[in-house]
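What you see below is based on every heavy atom in this structure, not just the backbone, and it leaves out hydrogens, waters and symmetry mates. What you see is a predicted model; the values in this text were computed from it and never measured. Position 1 is the first residue of the sequence; numbering continues from there.
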Amino acid sequence: QVQLQESGPGLVKPSQTLSLTCTVSGGSITTNYYYWNWIRQPPGKGLEWMGAIAYSGSTYYSPSLKSRTSISRDTSKNQFTLQLSSVTPEDTGVYYCAREALTVVAGTGYDYWGQGTQVTVSS
């Protein structure tokens with residue numbers, strides 16, 4: 001049983017950098033062929049894929065966020081981290097980490113999710 005848990009500050013000031021960590025248990029983030037994703041949901045809106053880091057360490061980012069987003073990992077801790085710079089109130093929402101299996105159609109292979117963590121950007 002794979003479990004994912006997000007952690008990080010729930011409140012961030014505008015212009016600062018948000019840093020969230022996803023801790024994975026029950027499976028290795030280097031296991032073929034899985035991708036480890038960050039997904040967020042602003043209030044009243046749908047899910048927005050932000051980016052992912054693959055089992056190989058390769059990273060992928062949403063075009064709309066790539067200039068502000070960085071995903072990294074610490075394999076010794078079985079963790080991966082999201083950094084979102086220059087945050088604004090529009091970045092407020094629930095942030096999830098999720099595992100995704102390699103599939104023919106991207107976005108259809110999510111099998112495990114964290115519980116989500118609320119992030120509020122406010123001064």
Side-chain angles (χ1 to χ4, degrees):
Q1 184 87 6
V2 175
Q3 293 183 313
L4 294 80
Q5 184 168 8
E6 304 89 347
S7 62
L11 181 64
V12 185
K13 294 182 177 180
S15 82
Q16 294 186 339
T17 296
L18 168 67
S19 183
L20 297 175
T21 296
C22 183
T23 300
V24 179
S25 62
S28 173
I29 61 174
T30 63
T31 296
N32 300 347
Y33 296 95
Y34 290 102
Y35 297 77
W36 305 89
N37 298 262
W38 286 102
I39 300 158
R40 69 180 183 180
Q41 186 170 34
K45 298 183 179 180
L47 297 170
E48 178 185 23
W49 179 77
M50 302 182 70
I53 186 163
Y55 59 96
S56 63
S58 297
T59 53
Y60 309 87
Y61 301 104
S62 169
S64 64
L65 295 169
K66 65 179 181 296
S67 66
R68 300 193 290 132
T69 306
S70 179
I71 298 173
S72 58
R73 68 180 184 176
D74 185 337
T75 58
S76 69
K77 296 180 180 179
N78 213 35
Q79 296 177 330
F80 63 105
T81 298
L82 169 73
Q83 290 186 284
L84 182 65
S85 65
S86 303
V87 299
T88 74
E90 296 299 310
D91 294 311
T92 292
V94 179
Y95 285 69
Y96 300 91
C97 54
R99 190 178 82 164
E100 181 183 20
L102 177 63
T103 60
V104 173
V105 181
T108 65
Y110 296 105
D111 54 4
Y112 291 96
W113 293 70
Q115 80 284 355
T117 186
Q118 172 69 43
V119 174
T120 300
V121 180
S122 176
S123 61

Sequence neighbours excluded, which residues qualify as side chain to side chain donor-acceptor pair (under 3.5 Å) partners of Ser28? Thr30

Could you list the donor-acceptor pairs under 3.5 angstrom formed by side chains in residues 113-123, with sequence neighbours left out?
residue: Gln115; atom: NE2; partner: Glu6; partner atom: OE1; Å: 3.4
residue: Gln118; atom: NE2; partner: Thr120; partner atom: OG1; Å: 3.4

Salt bridge (Lys or Arg N to Asp or Glu O under 4.0 Å) contacts touching residues 102-112 (sequence neighbours left out): Arg99-Asp111

Partners passing side chain to side chain donor-acceptor pair (under 3.5 Å) against Glu48 (at least two apart in sequence or in another chain): Arg40

Using side chain to side chain donor-acceptor pair (under 3.5 Å) as the criterion, list what pairs up with Ser72, not counting sequence neighbours. none

Got a sec, which pairs hit salt bridge (Lys or Arg N to Asp or Glu O under 4.0 Å) with one end in residues 25-34, sequence neighbours left out? none

With sequence neighbours excluded, tell me which residues meet side chain to side chain donor-acceptor pair (under 3.5 Å) with Thr23. Gln79

Any chance you could pull the hydrophobic cluster mates of Val105, using side-chain heavy atoms under 4.5 angstrom and chaining through other members? Val104

Pairing residues for Thr17 by the side chain to side chain contact (heavy atoms under 4.5 Å, CB included) criterion, not counting sequence neighbours: Gln83, Ser85

Those residues at least two apart in sequence (or on a different chain) that pass salt bridge (Lys or Arg N to Asp or Glu O under 4.0 Å) with Arg68 are Asp91

Provide the full list of disulfide bond (SG atoms under 2.5 Å apart) pairs with a residue in residues 90-123, sequence neighbours left out, each pair given once. Cys22-Cys97

Across all chains, not counting sequence neighbours, the ring pair (Phe, Tyr, Trp, His ring centres under 6.0 Å) partners of Tyr35 are Tyr55

